[in-house]
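Okay, so here's the structure we're looking at.
When a ligand or atom number is given, it counts from 1 through the structure's own listing order. For clarity, every value in this text was computed on a predicted model and none was experimentally measured.
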Amino acid sequence: MASNRGYSHPRRFIPRRQSILTVALFTTLAFVSSIFLLLYGFAPKEDDILKDDTRLEEPLQSQSAQQQVLLRFAFLNFEKKGFASWAAFVNGTVEFFMEYPVVSDENLWGASRSHGLHPCIKPTVRHKAAQGSDHYITVKSNGGLNQMRTGISDMVAVALIMNATLVIPQLDKRSFWQDTSTFSDIFDELHFITTLQDDVRIVKALPKELESFPRARKHFTSWAGMGYYEEMARLWKDYQVIHVAKSDSRLANNDLPLDIQRLRCRALYHALRFSPSIESLGKKLVERLRSQGGRYIALHLRYEKDMLSFTGCTYGLTEAESEELRIMRENTNHWKVKKINSTEQRVGGFCPLTPKEMGIFLESLGYPPITTIYIASGEIYGGEARLSELKSRFPNIISKEALATAEELEPFANHGSQTAALDYIISIESNVFVPSHSGNMARAVEGHRRFLGHRRTINPDRKGLVELFDKLESGKLTLGSSFSRLVQEMHKNRQGAPRKRYGPLPGIKGRARLRTEESFYENPFPECICRSKKAF
Ligand SMILES: *[C@@H]1O[C@H](CO)[C@@H](O)[C@H](O)[C@H]1NC(C)=O
Ligand SMILES: *[C@@H]1O[C@H](CO)[C@@H](O)[C@H](O)[C@H]1NC(C)=O
Ligand SMILES: *[C@@H]1O[C@H](CO)[C@@H](O)[C@H](O)[C@H]1NC(C)=O
């Protein structure tokens, strides 16, 4: 039962005699049960708990049913933490509740106070629909699911600015996920068209007679503003069709008319609904998760092969794994940076947190070991073995594969974007969303949760955390209440509370500044989140 967790653990235990033990055990039980009820408002379910451990027989005989459940549960968890004996367990249980500062239920699970804020996406009185029925924009959407969703929403706005009819976009089939899904496999196409009918005309396909016409093929500049697209509208003098080769980040985050910004929100949050089969399975899985323990955390554990290879982060990996990732990066043409110093990446806060680091992080924030955690991710690099470093702290880790039946998942197999859509739905509906890395999914989910009422999203300060983790490793800090307090203090203002979108980083001039702005879809406040209820 040796603990092999890498970080040094400060606790040492000396077994005592049986009589002292029994007294200690009784005190502990009373303490543990009151703490459980106080903290979590419910007792853990018997099913979740180790049933036939013979070591439990003797101490359980004289306990009430309720105490037995708690004791078993506590034993399961503390045993996993490497406690060698009963004495150690009893001592450790008491110590655990003394060491970890009690975080109130509201601070763990509650949505941020919204201070009377509401979603607002109605057009203003000045809003004019695009009429350009004889000018068409065709789009090739690029990237993963969320990059495509935000890109498509931008293209709806671009069609309005350019007074054009939008043809249902083609989706990326060449990204890392190699998904052959079409628009209507992922989205409810009819709903998309009708929801936006008062804004932009959208058609399923280019009219036959235009197919052979010459098209202007454009690679629109990134983060472009109104002026750029008004200028581009001159192309209509020579062309009836403009083909857009890439849809990601083609529209600026800021300095656009209010009606354009609200249209982006209508497109993303209302019009781009997932297809009925995805929506219905997503809902079912959310209900299943809720029935398991009421509340759950959706953890976007971006510890996937492509991300590790792309970022060059090899901390905690074997030599062979590091080499595999290096070769993958060498061979991926569109990843420009090939030589990466993993240490510098990690210290700079540019690496996804590892499963083990996420475990320490959530524990330090005060989430109890019984917390249900849904893993909203693709395949974790290193598989079960690496995930077990998180499971040792949080046994109730649930993957898609465990939550859904094989038959339910079968239609989604080999369709990365469709399974990503399931993760998206489950993440939006979770009580708490925690991404281990920034990225399109993390940003899109955070923004949508803000829009829906500032549901709690915890954004790890990766740079700050890595500094703390390194101090644990070198023995300068130990796990416990003071460590927890450091982590909690660091994340006080990173939990999705209402605030306006950040502007560009100071000191950066010219177009480069546009890149440093907070993404519109990460925080659509103030344009799509307002004080007044009227605009809803
Ligand atoms: C647990 O054991 C350690 C080492 O024997 C001791 O110093 C500590 O006071 C004990 N904690 C409790 C809560 O009994
Ligand atoms: C939009 O296009 C329609 C049809 O092509 C045209 O009649 C109308 O004047 C255009 N509107 C603007 C604002 O350019
Ligand atoms: C990576 O960067 C660290 C810190 O700057 C440095 O100590 C180390 O030697 C570098 N490693 C390589 C392989 O360059």
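Given atom 5 (O) of ligand 3, the protein heavy atom at minimum distance is Glu344 OE2, 2.9 Å.
Distance screen at 4.0 Å: atom 7 (O) of ligand 3 has no protein heavy-atom neighbour inside the cut-off. Of the protein's heavy atoms, none falls inside 4.0 Å of atom 13 (C) of ligand 3.
Looking only at atom types and distance, the side chain of Tyr521 has a donor-acceptor partner in the side chain of Asp154 under 3.5 Å away.
Under 4.0 Å is where a charged nitrogen must lie from a carboxylate oxygen, and between Glu446 and Arg449 no such pair does.
Note: Arg450 CZ to Arg499 CZ = 4.5 Å, rounded to the nearest 0.5 Å.
Of the options Asn341, Ile340, Val347, the smallest heavy-atom separation from atom 10 (C) of ligand 3 is shown by Asn341.
Screening residues 425-446 for ring-ring contact (aromatic ring centres under 6.0 Å, His included) gives no qualifying pairs among residues at least two apart or on separate chains.
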